[in-house]
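Step one of this worksheet: look at the structure below.
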Amino acid sequence: MRQESETLEFFQRAAMMAVLAVAVGIRLWGLDAGLPLVLNGDEVAIVERSLNLSLTNLNPGIFMYGSLPFYVARLATWVADLCALVFQQPALNVANYYLIVRTVSVIAGTVSVYFVYIFGKRLGGWNTGIISAMFLAVSPLAVELSHYATVDALLGVWVTLSFVGMVGWVRGSLRDLYLAALAIGLAVSTKYNAAVLILPLVLIGLQLGLAKESTFAAFTYKQKLCFGVLLLGGWIAFGVVYAGRAEILAQVGSWASGGVLQPAYTRIFDRLLLFAFFFAVVASALCVAIFLNWMIIVRPVRALLCPTLLRAYALIILVFFLTSPYVFLEYQHSLRDFFFQFNKNLSGGIASLGYQSRMFEAALDQTGMYHPFQYVFALLAEWGWMLVGTAVIGLTVFLKNERILGIAFIVLVCLTLIMTLSWSYLALRYIFPIWPVIAVSAAAGIVFVSQQLRTKIFPPLLTQSLTPVLLGVVLVPLTLSAVSRVHANFLVPDTRTLMAHWIVQNIPSGARIVREMDTPDVERVGSGLHVWVADPLLLEFSPRDWQAKGYNLMLLGNRNLDFYLSHKDKFQDVLERYAVVENNWRLLQSFKPDAATKGPALFLYSAP
């Protein structure tokens, strides 16, 4: 018996090691793609900013993400520099640093696979855990994000760790609650959208609290007085903001490069004020119910404000503050970056506080240009209909057998998808926090279906063969999709790489080039080239203006041009400038995507 147990344990460990090996291998494949060029702008933001950090300057200076990814990246590059010094290797260059931070993403992605295994194992046993790990190991999006020196792979570590803690908390471990709170704080410090993880924590706390008799007690007079004072303070704060609306908008407008706040941002400010008024009214109703001792309200409020949960809330805030202190210390800058990212989702990727106002206003008019359920369709395409179907079965199983966790996870997934209904910018990485839930739910669904087949339909011997077949039917397409994604994104030649190599070989040193943002960063590879990045390039300045500034070479992509063409009535003057370049400037070289090449269409023009 003992020998059988040891054999089973060895088999389980070997299976997990095999899954981790696959996860590492597929994430390392094509890791150096593009270098020394960097084709992902988010990588530039992380790596370049992190390299500027030092022990005397820990301010990353950018707040579209939390500060933790910058500190992790800088720590990794410091360790690499130390290793190079100890082993007497040549000094590392910028391309080496990008590869190092990408390696950190590979490690983070692999750790996430292991944490998902723990998550699934705690919920449904070893079978659920190992199948969950298989799914995340070859998830196309998870594999792709682990190839980039960005925040998302690191975010996956904290997200999966928080779910592990939540399961342990429901099982009765208070330590796991604080583990979940710690992980949520680190997740929000990595990427702000991870704040959605607070929702399942609150829902679990609410359900556990309502099961305790202590929630039946009414609030004391002092506690009611505290609620009243807090509510009064909230109404006063709302009144001050409402009364000083014009002054606040003028102050925020002074942060913009043009010194004036765009109308779109004013509308968002007023919408937030409306939300604040709505929450103030709801809070007032709750406060009245508490004073009148309405148990239907008192019980859930007591459950959510119990000392245990208050300590968890405090831990989340403390961890976030300690790992992203400059979000608070540089609040003006952080608010500006937050609104930049917020409006990027609303406007399909066009967002700015300054000179792109025409593009931004046009982008906000998305009538008929995107489907409100595009994220749902993209999710189905990413995972496959069959796997999503098994995930729905798995969530149903959780709702029956693990009611507290099932409700929390279902609400998390539904709310995350509902929030995307107003987004025109499609990027599945924004809903990456629900990936572990989908993987574990799909695994639980497959285990459940296998059990039903074994007990009710097929004989045991046949079922033992059907279970691997069922798993293969779901897993093989997912694996092929991941391999195809890696090949397409990291192994196929890119038009930007081809253009950069052509410029290095054919454009003489000292040439002055003005280029758009979606074109290759030739300044990284071209020795002696004078490059100015302007995005958008022809919105405010004509070709003659750029020529007068001394730029005789113009590198254009098709991203902005396609946008202008889709809004012809608003950008006729800009399209005329493009026509001037196409008709009067000499086309030196162009690269367009085809069956063997990916990337944007690129055009290099020379002034007449």
Next on the checklist: Does Trp78, at its CH2 atom, have more than 12 non-hydrogen atoms belonging to other residues, nucleotides or ligands within less than 6.0 Å?
Outcome noted: yes
Checklist entry - Is the count of non-hydrogen atoms from other residues, nucleotides or ligands lying under 6.0 Å from Tyr114 atom OH greater than 12? => result no
[X] to [Y] - nearest heavy-atom pair and separation:
{"X": "Leu379", "Y": "Val388", "value": "O-CG2, 4.4 Å"}
{"X": "Pro69", "Y": "Ser189", "value": "CD-O, 3.6 Å"}
{"X": "Ile62", "Y": "Ala45", "value": "CD1-CB, 4.0 Å"}
{"X": "Leu201", "Y": "Ala180", "value": "CD1-CB, 4.2 Å"}
{"X": "Tyr71", "Y": "Pro60", "value": "OH-CD, 4.0 Å"}
{"X": "Val104", "Y": "Ala76", "value": "CG2-CB, 3.6 Å"}

Measuring only between side-chain heavy atoms, which start at C-beta, is [X] closer than 4.5 Å to [Y]?
{"X": "Phe398", "Y": "Ser441", "result": "yes"}
{"X": "Pro600", "Y": "Arg559", "result": "no"}
{"X": "Leu478", "Y": "Pro140", "result": "yes"}
{"X": "Leu203", "Y": "Pro200", "result": "no"}
{"X": "Trp235", "Y": "Phe277", "result": "yes"}
{"X": "Ile316", "Y": "Leu182", "result": "no"}
{"X": "Trp435", "Y": "Trp383", "result": "yes"}
{"X": "Val159", "Y": "Pro436", "result": "yes"}

Examine distances only and state if a side-chain atom of [X] and a backbone atom of [Y] form a donor-acceptor pair shorter than 3.5 Å.
{"X": "Ser324", "Y": "Val327", "result": "no"}
{"X": "Thr103", "Y": "Leu99", "result": "yes"}
{"X": "Ser146", "Y": "Val106", "result": "no"}
{"X": "Glu516", "Y": "Val533", "result": "no"}
{"X": "Arg122", "Y": "Val164", "result": "yes"}
{"X": "Lys191", "Y": "Gly66", "result": "no"}
{"X": "Ser105", "Y": "Tyr148", "result": "yes"}
{"X": "Arg311", "Y": "Cys306", "result": "no"}
{"X": "His147", "Y": "Trp29", "result": "yes"}
{"X": "Asn93", "Y": "Asn96", "result": "yes"}

Next on the checklist: Does Leu68 form a side chain to side chain contact (heavy atoms under 4.5 Å, CB included) with Trp158? I'd like the steps, not just the answer.
Outcome noted: CA-CA 12 Å; Leu68 185 60; Trp158 313 129; 3.7 Å; yes
Proximity of [X] and [Y] rings by center, below 6.0 Å:
{"X": "Tyr117", "Y": "Phe135", "answer": "no"}
{"X": "Phe409", "Y": "Phe163", "answer": "yes"}
{"X": "Phe320", "Y": "Phe328", "answer": "yes"}

Item to check | Candidate pair Leu387 and Ile438, rule side chain to side chain contact (heavy atoms under 4.5 Å, CB included), full reasoning | outcome: CA-CA 9 Å; Leu387 192 143; Ile438 294 175; 4.2 Å; yes
Please report the interatomic distance [atom1]([X]) to [atom2]([Y]), rounded to the nearest 0.5 Å.
{"X": "Thr497", "Y": "Leu35", "atom1": "OG1", "atom2": "CG", "value": "9.5 Å"}
{"X": "Phe115", "Y": "Thr160", "atom1": "CZ", "atom2": "OG1", "value": "6.0 Å"}
{"X": "Thr77", "Y": "Leu82", "atom1": "OG1", "atom2": "CG", "value": "11.5 Å"}
{"X": "Leu428", "Y": "Ile431", "atom1": "CG", "atom2": "CD1", "value": "5.0 Å"}
{"X": "Leu309", "Y": "Leu206", "atom1": "CG", "atom2": "CG", "value": "9.0 Å"}
{"X": "Asn489", "Y": "Leu39", "atom1": "CG", "atom2": "CG", "value": "10.5 Å"}

Side chains of [X] and [Y] only: does a donor on one sit below 3.5 Å from an acceptor on the other?
{"X": "Asp152", "Y": "Tyr65", "result": "no"}
{"X": "Glu48", "Y": "Tyr97", "result": "no"}
{"X": "Ser50", "Y": "Arg74", "result": "no"}

Checklist entry - When you look at Arg27 and Thr110, which way does the side chain to side chain contact (heavy atoms under 4.5 Å, CB included) test go after all the steps? => result CA-CA 8 Å; Arg27 283 161 173 77; Thr110 307; 4.2 Å; yes
Item to check | Residue from Leu145, Ile107, Leu136 passing side chain to side chain contact (heavy atoms under 4.5 Å, CB included) with Ser112 | outcome: Leu136
Checklist entry - Got a salt bridge between Arg171 and Glu402, using NZ or NE/NH1/NH2 to carboxylate O under 4.0 Å? => result yes
Item to check | Test: Glu43 and Arg102 ion pair at under 4.0 Å | outcome: yes
Item to check | Candidate pair Ile184 and Met166, rule side chain to side chain contact (heavy atoms under 4.5 Å, CB included), full reasoning | outcome: CA-CA 11 Å; Ile184 292 174; Met166 291 178 198; 4.0 Å; yes
Item to check | Worked verdict on Glu523 versus Arg515 for salt bridge (Lys or Arg N to Asp or Glu O under 4.0 Å) | outcome: CA-CA 10 Å; Glu523 59 272 17; Arg515 69 176 185 87; 2.9 Å; yes
